[in-house]
Amino acid sequence: MPGDRLATPYRTHTCGALRSSDAGSTARLSGWVHRRRDHGQLIFLDLRDRHGITQVVVDKSDDPDAHAVASRVRSEFVVTVDGEVARRLTGTENRRLPTGEIELRGRAVRILSESKTPPFYINDPDAQIDEALRLRYRYLDIRREAMSERLFLRSRLVQAIRKVHHAHGFVEVETPNLIKSTPEGARDFIVPSRLQPGSVYALPQSPQQLKQLLMVAGVDRYFQIARCFRDEDLRGDRQPEFTQLDLEMSFVDEDAVMAFVEAMVIEVCRSTTPDRPIAETPFPRFTYAEAMERFGTDKPDLRFGIELVDLAPLWSEAPSGFRVFDDALHDGGRVKAIVAPGMGGISRREIDELTERAKRLGAKGLVWLAVEETGAVRSSVSKFLGEDGAERLVAHAGANPGDLVLVVADETAVTSEVLGGLRAELGGRLGLADPEVLSFCWIHRFPMYKWDVENERWDATHNPFSGVLPEDEELLTTTAGDLAKPAPDDPAGRARALQYDITLNGWELGGGSIRIHRRDLLARSFALQGQTEAGMNEKFGALLEAFEYGPPPHGGIAIGIDRWAALLADQRNIREVMAFPKTQSGGDLMLDAPSAPDPAQFAELGLRFVGAPRRDPATPPAE
RNA sequence: GGACCCGUGGUGUAGCGGCCCAACAUGCCAGCCUGUCACGCUGGAGAUCGCCGGUUCGAAUCCGGUCGGGUCCGCCA
């Protein structure tokens, strides 16, 4: 591009550009002083910018003035150095630097800006720094190579996403951030309107309705890198504002969306992190029911085996003799097991830890059977099952000598969730998952609804506009025959949605669905969820009205960019791939947000706090 | 809303009732040093142990509260 000049009055090259082939030429570099090594008559400066590090050497006998300036320079000063690119003396090359064969012999050093001593080390890649400190001085944190590399990776990710979508006929459309509150489950952030006092905008939890309106508008294929806002409690993988790859396609069925997304995801991963192998293509697909049955979760990490084994067949003829098992089966629950390879030598303390973990996941207890190297079974329940019973159980579970079998007996859902949680825990603890591999899978055919015990009604498990499997359409009804009288055993509870989630290494990466575009089905689905006609119009008026003007069949997906980037960067925390994330209490430690409002702003909006006033603004950030 | 963990010179840690007006490493400052690249050597400065209160003859250390950070549960179509 003609206007893109790297060479400016400040530099002829970046700090990562010079090589031995440049030896003999002159160059001007600008950057931060990464490190200074003062040898008296001779001073070395490692000059750093985001492209790399180049060693500058300033020799007093070459230029006393330059040497005097170099003596004054400190870490993180910004300097410009003019000099001659010289091949380093034989034996003093630095193989760890791409620029390590040369150095810049400094003839003129100018200080562009000085720096206080930074609050933590910029130049130590292994430094363990308190995260609160990193967040308060994020601009320094991002100077660190590990952090900036993650941001560059994220930039490449987003660039690859855009490239693939544009190549496949998608139109990138921006949707507004000041919209109407749309009840999608999470709490809204609201923004008071000055022009219409007493009214508020809501920040979008996702562009869901807007992208469906774009389908009605005939855009056909839409995508957006969209900022989304949800006012819920934070987690390592959840921030109040986050970024989604949001896309929607017209005239598609489930397979068409999944096929495109899968191809797109593979291409984007290969281009962003070419060295990371993708486990299995096409991505394995599981129905929700199968995933819960085999892995105890709807986001299984498939980088390792360990599946849930149903133990019920062992006792089809006669009861097990252990009350906990027999009662669970008698009450319609399940008794299932997982095998932890090589954990047969587990200690009492570790068993207690696992039991504690199981209880936190909802189990009443945890049964364990350790298989000794000799094949003998050591267990807490041998006395109930008998030696023979215990050995049959262990054999049925597929355990080998040296393994540990963990058994949970409870209601179906609890059994799955507990063993699913333990499976994930063991995978991490035993290091079963290859950290390099990217292992995707699809989960689809989720239940349309889950029973809302509190409100005695059916609740959409995902998007309220998600479609239903054609063969399950007739299930969208109640036993009473009246949609206004839902009950927990209604046929609707068995209806499966045209809903699909994509999972990467045990994280839910994204989810989407084929939408309901038929008014009659939509009305039935909403009625089951306890929505009146008037209520529907209040909440979804624009979309419902649009659906009266020829909506095309359509569907799409939303994929979490923060999570995707975190997984590609091998991070367990999305804050590590966000430039300026918030703390668990929703604060920005650098900007000191949120903060007390300006009274004048409040007056203009006709607002005042009626609860306890916020404390005075916190102590100012950096001195 | 709940459970748990953490808070000690700039940074990371040690100390966990008196031996501590607090130790170590690194950083910082000064001096010396012409081939280093985590340069080296010598010397120096730097902390009322997050904050408030209590127990005790005595608290960095024990207790309560509070603030800040984190992990998890609830919550998050």
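Order of the sequence lines fixes the chain letters, A, B, ..., with proteins taken first and strands second; residue numbering starts at 1 for each chain.
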Starting at atom NZ of A/Lys116, determine the distance to atom P of B/C29, rounded to an integer number of angstrom. 14 Å
When the distance from CZ of A/Arg575 to P of B/G69 is rounded to whole Å, what number comes out? 11 Å
Quick check on B/C29: is either OP1 or OP2 less than 4.0 Å from any side-chain nitrogen or oxygen of A/Arg74? yes
Name the nucleic acid region contacted by A/Asn573, choosing base, sugar-phosphate or nothing; use a 4.0 angstrom heavy-atom cut-off, strictly under. sugar-phosphate
Please collect all salt bridge (charged side-chain N to carboxylate O under 4.0 Å, His left out) contacts where either partner lies in residues 204-216 of chain A, sequence neighbours excluded, each pair once. A/Lys211-A/Asp246, A/Lys211-A/Glu248
Treat primed atoms plus P, OP1 and OP2 as sugar-phosphate and everything else as base, then score nucleotides 32-37 of chain B 5' to 3': B for base contact with protein heavy atoms under 4.0 Å, S for sugar-phosphate contact only, - for none. -BBBBB
What contact category does A/Gly587 fall into here, base, sugar-phosphate, or nothing, at under 4.0 angstrom with non-hydrogen atoms? nothing
With sugar-phosphate meaning primed atoms plus P, OP1 and OP2, does A/Arg36 contact a base, only sugar-phosphate, or nothing at under 4.0 Å between heavy atoms? nothing
Please determine if a side-chain N or O atom of A/Arg235 lies less than 4.0 Å away from the OP1 or OP2 oxygen of B/C73. yes
Atom CZ of A/Arg357 and atom P of B/A3 are separated, to the nearest Å, by 19 Å
I'd like the P distance from B/C49 over to B/G10, given in whole Å. 12 Å
Does atom CZ of A/Arg572 have more than 12 heavy-atom neighbours, drawn from other residues, nucleotides or ligands, at distances under 6.0 Å? no
Which is true for A/Gln128 with a 4.0 Å heavy-atom rule: it touches a base, it touches only sugar-phosphate, or it touches nothing? sugar-phosphate
Here the distance between atom P of B/C28 and atom CD of A/Glu114, to the nearest Å, is 15 Å
Sequence neighbours left out, cut at 3.5 Å: what donor-acceptor pairs do the side chains of residues 235-242 of chain A make with other protein atoms?
from     : atom 1 : to       : atom 2 : distance (Å)
A/Arg238 : NH2    : A/Asp233 : O      : 2.8
A/Gln239 : OE1    : A/Lys582 : N      : 2.8
A/Gln239 : NE2    : A/Lys582 : O      : 2.8
A/Glu241 : OE1    : A/Arg227 : NH1    : 2.9
A/Glu241 : OE2    : A/Lys582 : NZ     : 3.1

